[in-house]
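Single-structure report; data block below.
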Amino acid sequence: MTNNKRTVTCGQLDKSWAGKKVVLNGWVHRNRDHGGIHFLNLRDHYGMTQVVIDEDAREQLKKEAESLKIEFCVAVEGVVRQRPESMINKEMKTGSIEVKAEKITILNSCETLPFMIDEESEANENLRLKYRYLDLRSLGMQKRIKLRADLAFAVREFFDGRGFLEIETPTLIKSTPEGARDFLVPSRLHEGKFFALPQSPQLYKQILMVSGFDKYFQIARCYRDEDARGDRQLEFTQIDVEMSFVTADDIYEMTEAMYSHIFKKLMNIDLPSSFERITYHDAMNTYGSDKPDLRFGLQFHDFAPFVGKGEFSVFKDVLSDSSGAVKAMIVPGAAAAYSRKKISELEEEAKKYGAKGLAWMKVTADGFDGGISKFYQSISTEIIRGLGAKEGDLILLMGAQWKTACNSLGAIRSKLGRDLDLIDESKFKFCWIVDFPLFDYNDDEQCWEPAHHMFSMPQDRFIETMEKNPGEVLGDLYDLVLNGYELASGSIRVHHPELQQRIFNIVGFPKELAEERFGFLLDAFKYGAPPHGGIASGLDRLAMILAGKQSIREVIPFPKNNVGVSPMDESPAFVDEEQIKDLHLQVIKSKSPETQETK
RNA sequence: GGAGGAGUAGCGAAGUUGGUUAUCGCACCGGCCUGUCAAGCCGGGGAUCGCGGGUUCGAGUCCCGUCUCUUCCGCCA
């Protein structure tokens with residue numbers, strides 16, 4: 001057995017090894033039997049090496065080589081030799097050499113594979129997840145998981161260099177009313193009581209600031225019991241940071257430096273020394289999103305100045321309400337390519353976000369054509385000049401409540417960015433979204449609610465009078481956006497019990513409930529809590545973007561699928577009656593037992 | 001919870017207005033082949049066409065129901 005142990009990996013051999021005897025361990029990636037001569041591609045984590053069984057090999061060796069199938073795990077003993085010039089494979093890192101086999105040992109055989117292990121497997125995702133151990137063998141997954149590990153290392157390196165401490169916080173905590181639904185863990189020792197899994201280490205990191213740790217970070221697992229998407233799932237990893245005695249500017253500087261370090265180290269890309277800052281209002285107003293993709297234009301224009309001069313009564317009605325808005329987007333040169341049918345596809349996209357319709361006009365040599373052009377023909381010159389449109393452009397117009405108009409036109413902007421191929425995939429465009437409103441009005445419940453969470457500080461100028469008009473209060477909170485993804489989010493926190501109480505009052509959060517749920521934090525603030533603030537970045541999303549993927553499942557070794565199931569181990573699963581009893585629980589089945597058992 | 005799309009061999013796909021024995025590539029099995037690198041050539045096995053019902057002389061194809069997957073909306077401070 002000992003002489004089967006590898007002396008080199010499949011990724012390290014080159015010409016300098018010619019003539020040396022080596023042992024390789026790895027998997028049979030490809031198997032090309034030419035009768036007289038036989039080639040194997042042997043693969044391990046480090047790369048791929050071609051093994052040759054020559055025509056002059058012993059019969060026994062030839063037989064062994066013939067018996068090998070894809071993904072057999074083998075040991076190959078042989079001699080490295082340089083390939084003749086004409087047989088060098090420039091696509092392969094080890095393409096200048098090959099190993100002439102002298103002995104092949106099958107370490108383990110492999111059944112017929114459920115799918116081929118390729119860099120880009122075409123198998124459907126649930127099958128890949130069921131056989132994740134095979135999927136992870138692919139070169140692509142190997143690279144991405146390594147990228148993720150390198151990323152985590154770069155993060156620790158950065159924070160260590162700046163004097164931050166990585167401090168762990170518990171994962172069995174108290175359920176606190178934050179944004180998402182909690183995962184609950186029943187307590188065996190305390191009947192009827194539950195732990196929750198953290199949605200983030202939020203409260204603990206603030207407590208750590210009260211405790212004087214000054215600069216904290218943690219690569220923390222977080223849990224939210226909500227429906228999954230391409231860029232989010234039940235459990236995810238956050239780069240969590242909190243600092244004492246800081247302002248928002250300190251957080252910006254630190255975060256920009258962290259991303260610069262990461263991008264330089266992993267991608268050899270120099271990021272700008274500071275990132276553009278866009279207010280929430282401007283982001284919504286010009287891009288229709290609080291996470292705009294700045295890799296392409298298609299900014300919105302205000303169409304309101306033209307509404308009064310035209311004849312389109314729908315827009316006049318919209319503007320008669322003070323919260324109404326009419327936004328315009330110029331799509332350069334798209335008039336010819338966008339038929340009624342294609343425009344109605346855009347309209348469908350907008351309707352998902354609450355728009356009632358989508359108006360449009362095409363710019364011609366002498367005015368407008370199609371759509372609602374007859375209502376604005378008389379002032380076409382003024383509009384074209386005002387919006388900076390050109391002949392052949394398509395003008396899309398959206399009239400609705402301001403937020404609906406922005407959101408729905410923003411959805412169209414995103415779709416056009418993809419459809420018209422406006423996005424330069426090699427670019428990384430960061431921006432800060434700042435000046436978020438602290439409170440949102442909930443029309444259904446007729447009350448104010450926190451736009452982010454209840455622990456964010458209002459900006460100074462609003463503090464004194466914030467009860468008068470909560471809707472106008474801007475918070476000291478910020479998001480970091482990269483290429484249309486929300487990458488990080490944070491705020492300067494409230495650290496005075498009185499101010500915290502006023503915020504609870506505005507959002508109608510009962511004092512008793514606050515005491516019960518996070519009284520410990522409010523108590524902590526009574527003992528000389530320092531001003532503090534922080535930010536949390538999504539590590540999975542960052543890894544996904546760096547890997548150029550659309551789904552975080554491509555950078556998580558063992559993810560749940562879209563319906564919150566792990567196809568490999570089939571979790572979640574039923575448990576024994578006994579376990580449920582121990583936890584003082586009873587399962588109330590909403591479906592018939594057969595239905596539950598089969599799925 | 002809602003809307004769209006999909007389900008055909010281990011995997012990825014084709015299958016026309018309903019018409020013989022359901023096709024192709026990869027994988028698998030057997031054979032040939034001395035330089036391939038996604039090797040090539042010849043042959044073979046493997047499919048209750050998601051499931052249930054209906055229309056029809058005849059259904060992968062049309063109709064109804066149902067299940068699963070998938071993208072999006074809601075949700076995700």
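Order of the sequence lines fixes the chain letters, A, B, ..., with proteins taken first and strands second; residue numbering starts at 1 for each chain. Both backbone and side-chain heavy atoms feed into the values below; hydrogens, waters and symmetry mates do not.
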In the strands shown, is [N] matched to any nucleotide by a Watson-Crick or G-U wobble pair with both distances under 3.5 Å, and which?
{"N": "B:rA3", "answer": "B:rU71"}
{"N": "B:rG60", "answer": "none"}
{"N": "B:rC33", "answer": "none"}
{"N": "B:rU48", "answer": "none"}
{"N": "B:rU20", "answer": "none"}

Under 4.0 Å, heavy atoms only, any strand: does [X] hit a base, just the sugar-phosphate, or nothing?
{"X": "A:Arg81", "answer": "base"}
{"X": "A:Ala228", "answer": "nothing"}
{"X": "A:Val52", "answer": "nothing"}
{"X": "A:Asp227", "answer": "base"}
{"X": "A:Glu98", "answer": "base"}
{"X": "A:Gly36", "answer": "sugar-phosphate"}

Using a strict threshold of under 4.0 Å (side-chain N to carboxylate O), is an ion pair present between [Y] and [X]?
{"X": "A:Arg541", "Y": "A:Glu486", "value": "no"}
{"X": "A:Lys549", "Y": "A:Asp540", "value": "no"}
{"X": "A:Lys130", "Y": "A:Glu570", "value": "no"}

Donor-acceptor pair, side chain of A:Gln500 and main chain of A:Met454, under 3.5 angstrom: yes
message = Donor-acceptor pair, distance only, cut-off 3.5 Å: does the side chain of A:Glu472 make one with the backbone of A:Asn469?
response = no
Could you please name the option among [options] that lies closest to any side-chain atom of [X]?
{"X": "A:Met116", "options": "B:rA27, B:rG1, B:rC37", "value": "B:rA27"}
{"X": "A:Asn561", "options": "B:rU70, B:rG74, B:rC26", "value": "B:rU70"}
{"X": "A:Met87", "options": "B:rA27, B:rG35, B:rA39", "value": "B:rG35"}
{"X": "A:Thr112", "options": "B:rC33, B:rC28, B:rU36", "value": "B:rC28"}

Side-chain N,O ([X]) to OP1/OP2 ([N]) below 4.0 Å:
{"X": "A:Lys352", "N": "B:rU71", "answer": "no"}
{"X": "A:Arg32", "N": "B:rA39", "answer": "yes"}
{"X": "A:Asn126", "N": "B:rU70", "answer": "yes"}

Provide, to the nearest angstrom, the distance between the [atom1] atom belonging to [X] and the [atom2] atom belonging to [N].
{"X": "A:Leu234", "N": "B:rC75", "atom1": "CG", "atom2": "C1'", "answer": "13 Å"}
{"X": "A:Lys63", "N": "B:rG31", "atom1": "NZ", "atom2": "P", "answer": "11 Å"}
{"X": "A:Glu125", "N": "B:rU68", "atom1": "CD", "atom2": "C1'", "answer": "15 Å"}
{"X": "A:Lys351", "N": "B:rG4", "atom1": "NZ", "atom2": "C1'", "answer": "14 Å"}
{"X": "A:Ile70", "N": "B:rC11", "atom1": "CD1", "atom2": "P", "answer": "16 Å"}
{"X": "A:Arg181", "N": "B:rG1", "atom1": "CZ", "atom2": "P", "answer": "11 Å"}
{"X": "A:Glu66", "N": "B:rC32", "atom1": "CD", "atom2": "C1'", "answer": "11 Å"}
{"X": "A:His29", "N": "B:rU36", "atom1": "NE2", "atom2": "P", "answer": "19 Å"}

Stacking here means centres under 5.5 Å and planes under 30°; does A:Phe39 stack on B:rU36?
->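 Here the ring of A:Phe39 and the base of B:rU36 are stacked, with centres under 5.5 Å and planes under 30°.
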Tell me whether A:His34 is stacked on the nucleobase of B:rG35, counting only the six-membered base ring and applying the 5.5 Å and 30° thresholds.
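Not stacked by the 5.5 Å and 30° rule.
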Could one point to a donor on the side chain of [X] or the base of [N] with an acceptor on the other under 3.5 Å away?
{"X": "A:Asn124", "N": "B:rG12", "answer": "no"}
{"X": "A:Arg128", "N": "B:rG12", "answer": "no"}
{"X": "A:Arg83", "N": "B:rC37", "answer": "yes"}
{"X": "A:Gln50", "N": "B:rU36", "answer": "yes"}

Rounded to whole angstrom, note down the [atom1] distance from [N] over to [M].
{"N": "B:rU8", "M": "B:rU68", "atom1": "C1'", "result": "16 Å"}
{"N": "B:rU17", "M": "B:rA6", "atom1": "P", "result": "16 Å"}
{"N": "B:rA14", "M": "B:rA39", "atom1": "C1'", "result": "26 Å"}
{"N": "B:rU23", "M": "B:rC63", "atom1": "P", "result": "25 Å"}
{"N": "B:rU21", "M": "B:rG58", "atom1": "P", "result": "15 Å"}
{"N": "B:rA13", "M": "B:rG7", "atom1": "C1'", "result": "13 Å"}
{"N": "B:rG18", "M": "B:rU36", "atom1": "C1'", "result": "48 Å"}
{"N": "B:rG40", "M": "B:rG4", "atom1": "C1'", "result": "45 Å"}

Taking the cut-offs as 6.0 angstrom to the six-membered ring centre and 45 degrees off its axis, would you call A:Lys342 and A:Tyr338 a cation-pi pair?
yes
**Prompt:** With nearest nucleotides of RNA chain B determined for A:Arg232 and A:Asn562 from heavy-atom distances, which residue corresponds to the more 5′ nucleotide?
**Reply:**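 In this pair, the answer is A:Asn562.
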*asked:* Both A:Arg541 and A:Pro114 contact RNA chain B. Which one's nearest nucleotide lies toward the 5' end?
replied: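 Its nucleotide being nearer the 5' end, the pick is A:Pro114.
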Which of A:Ile104, A:Leu68, A:Thr94, A:Val76 passes side-chain contact (heavy atoms from CB on, under 4.5 Å) with A:Leu42? It is A:Val76
Q. Any side-chain donor-acceptor pair under 3.5 Å between A:Asp435 and A:Gln459?
A. yes
query = Any idea how A:Phe518 and A:Phe455 line up, ring-wise: parallel (<30°), tilted (30 to 60°), or perpendicular (>60°)?
reply =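 Perpendicular.
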